[in-house]
Amino acid sequence: MRSVTYSMNVSLDGYVVGPDGGFDWTTPDEDVFRFWIDEIREVGVHLLGRRLYETMLYWETADRDPSLDDSMLEWAALWKPLPKVVFSTTLSAVRGNARLASSSLAEEIERLRAEPGEGDIAIGGATLAAEAAASDLIDEYRAMVYPVLVGGGIPFFPRRERRVDLELVETRTFNSKVVYLRHRVTR
C-alpha cells in the first residue's frame, strides 16, 4: 500500500511559517535542495492545500526562467509533471498537472491508495496535514528542521490532544546545520 507522507521545512520551535506569514528562513542550501530533489522522485502524487499550491505555482513555468541553475531546473522538471490534488474551497480552477479535489481528504487518500501506482502520497501544507493527522492518515512525518526560532505562526504539528507514537527511521545533518528527521507512525 502506498504510504502517506508529510514533509515540510520547520523552525526549531515547530512552525512552517512565522507569525508574519514569512518563511524566508527556509531557503535551502545546495545540499538541502538536492535532498528535496531526491525526495520528490519518490512521490507519485502530491496533495496540497490552496496556500501551498499557490506558492508552488511558480514551478509550473520555472523552466522558462533563464536565471535558474541546473538544480532548480531539475526540480522544475520533476515537479511540473507530478500529479497534484488541490484542496480548496475558494479556487474554481487549477493549472498544470493538477486537479481540484472532488471529495474529502480521507476519501481522496483512500481512492489513491486503492489505485495502482508507484510512489508515496505526499501531503504538503500544515492545515491539510492537520486534517490528515486527525484522521490518522499520515504514515510518515518528515521534518527539515531549520536552526531558527520564529516565535509563532502556523505549526508543523497539529495542536490536537492526541497521542501518536513514532519510530525514528532516518536522520541527517546538513552542512548548513539543518537537520532532517523522518519518523514512521507506529500502529
Side-chain angles (χ1 to χ4, degrees), residues 3-43 46-59 62 71-72 75 78-79 82 84-90 105-106 109 120-187:
S3 290
V4 176
T5 64
Y6 170 41
S7 301
M8 288 195 76
N9 296 323
V10 59
S11 65
L12 183 60
D13 56 348
Y15 297 96
V16 297
V17 298
D20 61 353
F23 53 93
D24 58 326
W25 46 270
T26 67
T27 302
D29 67 6
E30 183 62 31
D31 287 341
V32 171
F33 196 71
R34 171 65 42 204
F35 182 88
W36 284 124
I37 289 170
D38 292 341
E39 184 170 276
I40 202 69
R41 290 180 196 285
E42 304 301 316
V43 173
H46 210 293
L47 312 181
L48 302 98
R50 180 196 50 82
R51 282 185 295 227
L52 184 59
Y53 165 74
E54 289 175 341
T55 299
M56 297 301 288
L57 269 176
Y58 166 77
W59 294 103
S71 294
M72 292 178 176
W75 170 268
L78 293 165
W79 180 259
L82 182 67
K84 298 162 205 77
V85 181
V86 180
F87 292 81
S88 174
T89 57
T90 57
L105 177 60
I109 288 174
D120 295 330
I121 300 167
I123 294 181
T127 304
L128 191 61
E131 183 182 337
S135 298
D136 194 26
L137 297 172
I138 296 176
D139 299 306
E140 287 190 7
Y141 290 87
R142 301 174 180 181
M144 190 67 76
V145 183
Y146 280 73
V148 62
L149 304 174
V150 298
I154 298 174
F156 177 85
F157 293 106
R159 301 292 189 226
R160 292 202 169 42
E161 293 184 29
R162 179 178 163 273
R163 178 180 167 150
V164 178
D165 293 319
L166 304 170
E167 170 191 7
L168 180 64
V169 293
E170 185 180 357
T171 64
R172 180 171 171 187
T173 302
F174 296 88
N175 291 333
S176 58
K177 306 303 182 215
V178 171
V179 177
Y180 173 73
L181 301 171
R182 178 179 163 208
H183 288 85
R184 184 174 298 126
V185 174
T186 58
R187 293 188 168 97

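The figures here come from the full heavy-atom set of this structure, side chains too, leaving out hydrogens, waters and symmetry mates.
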Original post:
So do the side chains of Leu12 and Val148 get within less than 4.5 Å of each other, counting heavy atoms only?
Top reply: no
Subject >> Heavy-atom side-chain contact between Val185 and Tyr141 under 4.5 Å >> reply: yes
Original post:
Under 4.5 Å between any side-chain heavy atoms of Asp139 and Arg184, yes or no?
Top reply: no
Subject >> Listed partners of Phe87 passing ring pair (Phe, Tyr, Trp, His ring centres under 6.0 Å), at least two apart >> reply: none
**OP:** Answer yes or no: is there a donor N or O on one side and an acceptor on the other, between the side chain of Arg187 and the main chain of Asp136, under 3.5 Å?
**Re:** yes
Subject >> Residue pairs passing the salt bridge (Lys or Arg N to Asp or Glu O under 4.0 Å) test where at least one lies in residues 173-182, sequence neighbours excluded >> reply: Glu140-Arg182, Glu170-Arg182
Original post:
Does the side chain to side chain contact (heavy atoms under 4.5 Å, CB included) test come out yes or no for Ser7 and Trp36, once each step is laid out?
Top reply: CA-CA 10 Å; Ser7 301; Trp36 284 124; 3.8 Å; yes
**OP:** Sequence neighbours left out, what passes side chain to side chain donor-acceptor pair (under 3.5 Å) with Thr27? Give chain and number order.
**Re:** none
Original post:
Between the side chains of Ser88 and Thr90, is a donor N or O closer than 3.5 angstrom to an acceptor N or O?
Top reply: yes
Subject >> Beyond-backbone contact of Ile37 with Ser71, side-chain heavy atoms, under 4.5 angstrom >> reply: yes
Subject >> Sequence-distant partners of Arg51, side chain to side chain contact (heavy atoms under 4.5 Å, CB included), two or more places apart >> reply: Thr127, Ile154
**OP:** Kindly write out the residues that satisfy side chain to side chain contact (heavy atoms under 4.5 Å, CB included) with Tyr58, not counting sequence neighbours, or none if the list is empty.
**Re:** Ala62, Asp65, Leu68
Original post:
Do the side chains of Leu168 and Leu166 get nearer than 4.5 Å, heavy atoms only?
Top reply: no
**OP:** Go through the structure and list residues passing side chain to side chain contact (heavy atoms under 4.5 Å, CB included) with Glu42, not counting sequence neighbours.
**Re:** Asp120
Original post:
Less than 4.5 Å apart, any side-chain heavy atom of Leu82 and any of Val43?
Top reply: yes
Original post:
With sequence neighbours left out, what residues match Val179 under side chain to side chain contact (heavy atoms under 4.5 Å, CB included)?
Top reply: Thr173, Leu181
**OP:** Mind checking ring pair (Phe, Tyr, Trp, His ring centres under 6.0 Å) for Phe174 and listing every partner two or more places apart, or none if nothing turns up?
**Re:** Phe35
Original post:
Quick one: does Leu48's side chain get under 4.5 Å of Val85's, heavy atoms only?
Top reply: no
Subject >> side chain to side chain contact (heavy atoms under 4.5 Å, CB included) evaluation trace for Val4 with Leu47 >> reply: CA-CA 10 Å; Val4 176; Leu47 312 181; 5.8 Å; no
**OP:** May I ask you to check whether over 12 heavy atoms, not counting those of Tyr146, lie within 6.0 Å of atom OH?
**Re:** yes
Original post:
Could you give all pairs that pass the salt bridge (Lys or Arg N to Asp or Glu O under 4.0 Å) test and reach residues 6-33, with sequence neighbours left out?
Top reply: none
Original post:
Thr26: what forms a side chain to side chain donor-acceptor pair (under 3.5 Å) with it, not counting sequence neighbours?
Top reply: none
**OP:** Assess whether side chain to side chain contact (heavy atoms under 4.5 Å, CB included) is satisfied between Tyr180 and Glu39, documenting all intermediate values.
**Re:** CA-CA 12 Å; Tyr180 173 73; Glu39 184 170 276; 3.3 Å; yes
Subject >> Asp165: side chain to side chain donor-acceptor pair (under 3.5 Å) partners, not counting sequence neighbours >> reply: Arg163
Original post:
Excluding sequence neighbours, so at least two apart, what forms ring pair (Phe, Tyr, Trp, His ring centres under 6.0 Å) with Phe156?
Top reply: Tyr6
